[in-house]
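Residue numbering restarts at 1 for every chain, and letters A, B, ... go by the order of the sequence lines.
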Number of protein chains: 2
Amino acid sequence: MERYKDLGLKLTPQRLAILDYLDGNKSHPSAEDIYRSISRRFPTMSFATVYNTLEALKRNRWILELTIDPARKRFDPNTKPHHHLICVRCKSIVDLHQDYRVDIPKEKRNGFELIGNHIEFYGVCPKCKTLKEVMKMAVFKCSKCGATKEGRCKPQKCPKCGEKRTMQKS
Amino acid sequence: MERYKDLGLKLTPQRLAILDYLDGNKSHPSAEDIYRSISRRFPTMSFATVYNTLEALKRNRWILELTIDPARKRFDPNTKPHHHLICVRCKSIVDLHQDYRVDIPKEKRNGFELIGNHIEFYGVCPKCKTLKEVMKMAVFKCSKCGATKEGRCKPQKCPKCGEKRTMQKS
DNA sequence: TATCATATTAGAATAATTCTTGTCAAGAAA
DNA sequence: TTTCTTGACAAGAATTATTCTAATATGATA
């Protein structure tokens, strides 16, 4: 496979399989996702091989490691600067290609030498939105402190400031 | 302590200690940071107590859990929307209060119902910048693919695309 | 074809985090 | 003030995602 000639790593069948899995992949998979998929065709493949390969690809900047999901490392084969849409329910991550000018006034840089930035947009994906509507949930917002709370019924008391009768449908 | 009257949780001496530690804290500490600090005054305090309390505070939206550091959970007592400056070397996180208008064109929202956003600015903090200068490191950038590489000497070959003699000082 | 340096393997080990359960104690109720 | 309820604490054990280990395999080079 000519395309991976510049990989900077030994090309093994296992690595080719991982690279093929990642090629064009936009689901930002975890090591387990990759392992489950590939181990069907490579029954003797070790979990450590997947981790080692991902670590090597990260080191050589062929993929990005995302820390968005606290439960596990996720990986992004798209190394070009871009942003993400993140579903707060199912934790799915969607690429967003949009340029934003987000400069920081010099006095607010705290002496940092800036390299880049990454914007995370939080929300609910279409699938979870549909599910939520089915479950008839709503978001309530406190008119005193601004805290939000999701639920079927309007909370009597704000979970943040404790004030009563301040929650309004958002 | 009147101020925590609205906490929504039982107030125990251990929890007061954790809340006092977090009050005004801008270092985005991990559970271990908190435990190490507080266990000096509460020698019998359990690690589980710290985790349990942080989880309860998060659940009641008194603090935010950050996933920026892949090695451990970090916590932010500042729950108001803000952004972060993140040092790629020492992983320190600094609050940035600056409003940005970062809208997404409707056709790029992938059907998401948006709630909020968070911008992460990556760079090198003043402390690490000083250290780096002492170590005389430079950043080299490939004129072909744009990949960057840090080091004392100019790489002969780009670690990303493999082209020779394309690395220029950034 | 031979050689060598790196990769694979199948666990074991690590370490951050969560769980367990008997006992404690904060705070509500009487 | 006392009593009672229910959530919190403690001190591990357990979980689990990730990394490490060392013998063997193998990709790439000479």
Side-chain angles (χ1 to χ4, degrees), chain A residues 1-19 21 28-60 62-63 65-75 91 157 159 162, chain B residues 1-19 21 28-60 62-63 65-75 91 157 159 162:
Chain A
M1 199 93 36
E2 202 80 347
R3 65 199 293 191
Y4 297 121
K5 204 164 60 96
D6 309 323
L7 190 59
L9 299 169
K10 272 187 180 181
L11 264 182
T12 64
Q14 295 86 349
R15 285 181 173 176
L16 279 172
I18 293 168
L19 287 161
Y21 178 94
H28 309 84
S30 65
E32 190 186 5
D33 294 331
I34 298 169
Y35 176 79
R36 282 169 177 272
S37 174
I38 292 174
S39 62
R40 289 189 195 111
R41 284 193 289 118
F42 288 82
T44 64
M45 176 173 266
S46 161
F47 226 127
T49 298
V50 178
Y51 273 104
N52 286 336
T53 298
L54 292 172
E55 187 61 33
L57 290 173
K58 184 185 87 175
R59 199 185 310 126
N60 280 31
W62 279 78
I63 60 175
E65 177 181 311
L66 304 179
T67 61
I68 293 167
D69 190 335
R72 55 188 56 74
K73 285 183 177 180
R74 304 273 291 267
F75 296 90
K91 308 291 181 188
K157 179 168 92 165
Chain B
M1 199 101 22
E2 204 81 346
R3 66 198 292 190
Y4 298 121
K5 207 162 57 91
D6 309 323
L7 189 61
L9 300 169
K10 275 186 174 179
L11 264 182
T12 63
Q14 296 86 347
R15 284 182 173 176
L16 279 172
I18 291 168
L19 286 161
Y21 177 94
H28 310 84
S30 64
E32 190 185 6
D33 293 330
I34 297 168
Y35 176 78
R36 281 169 179 271
S37 175
I38 292 174
S39 63
R40 289 190 194 110
R41 285 192 289 120
F42 289 82
T44 63
M45 176 172 266
S46 160
F47 227 127
T49 298
V50 177
Y51 273 104
N52 286 336
T53 298
L54 292 171
E55 186 62 31
L57 290 172
K58 183 186 89 178
R59 199 185 309 126
N60 279 31
W62 280 77
I63 61 176
E65 176 181 310
L66 303 179
T67 61
I68 293 166
D69 189 335
R72 54 189 56 76
K73 287 181 176 180
R74 306 272 292 268
F75 295 90
K91 308 294 182 187
K157 179 168 91 167

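- Applying the side chain to side chain donor-acceptor pair (under 3.5 Å) rule to T49(B) yields no partners; only residues at least two apart in sequence or on another chain are considered.
- Residues L19(A) and L57(A) form a side-chain contact, since some pair of their non-hydrogen atoms from C-beta on lies under 4.5 Å apart.
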Q: Treat primed atoms plus P, OP1 and OP2 as sugar-phosphate and everything else as base, then score nucleotides 1-11 of chain D 5' to 3': B for base contact with protein heavy atoms under 4.0 Å, S for sugar-phosphate contact only, - for none.
A: -----BBSSBB
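- Two residues are said to be in side-chain contact when any heavy atoms from C-beta on lie closer than 4.5 Å; L16(B) and L11(B) meet this criterion.
- Under the side-chain contact (heavy atoms from CB on, under 4.5 Å) criterion, K10(B) pairs with R15(B), sequence neighbours left out.
- The stretch residues 28-40 of chain A has no heavy atom under 4.0 angstrom from DNA chain D at all.
- Closest approach of W62(B) to L7(B), counting heavy atoms only: NE1-O, 3.5 Å.
- Each end of the helix from dT1(C)-dA30(D) to dA30(C)-dT1(D) gets its own axis, taken as the rotation carrying the C1' atoms of four end pairs onto the next four within a five-pair window, and the two axes meet at 40° to the nearest 10 degrees.
- Side-chain atoms of R74(A) come within 3.5 Å of backbone atoms of H28(A) as a donor-acceptor pair (strictly under, hydrogens ignored).
- Think of the region where chain B sits on DNA chain C: with heavy atoms and a 4.0 Å cut, that region ends 5' and 3' at dA16(C) to dG27(C).
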Just list the side-chain donor-acceptor pairs under 3.5 Å for residues 37-46 of chain A, sequence neighbours left out, or say none.
from   : atom 1 : to     : atom 2 : distance (Å)
S39(A) : OG     : Y35(A) : O      : 2.8
S46(A) : OG     : A48(A) : N      : 3.0

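- For D69(A) and K91(A), the salt-bridge test fails: no basic side-chain N is under 4.0 Å from an acidic carboxylate O.
- In the region residues 67-74 of chain B, proximity to DNA chain C at under 4.0 angstrom, judged on heavy atoms, holds for A71(B), R72(B), K73(B).
- Every residue two or more places apart in sequence or in another chain was checked for a side chain to side chain donor-acceptor pair (under 3.5 Å) with N52(A), and none qualifies.
- Across all their heavy atoms, P70(B) and I68(B) have their closest contact at CD-O, 3.3 Å.
- Remark: C1' of dT18(D) and CG of L66(A) are 17 Å apart, rounded to the nearest angstrom.
- With sequence neighbours excluded, no residue satisfies side chain to side chain donor-acceptor pair (under 3.5 Å) with R72(B).
- Listed by chain and number, the residues in a side-chain contact (heavy atoms from CB on, under 4.5 Å) with F75(A) are L54(A), I63(A), E65(A), K73(A) (sequence neighbours excluded).
- Screening residues 46-56 of chain A for salt bridge (charged side-chain N to carboxylate O under 4.0 Å, His left out), with sequence neighbours left out, gives E55(A)-K58(A).
- Contact detail for A56(B) and L9(B): the closest heavy-atom pair is CB-CD1, 3.7 Å.
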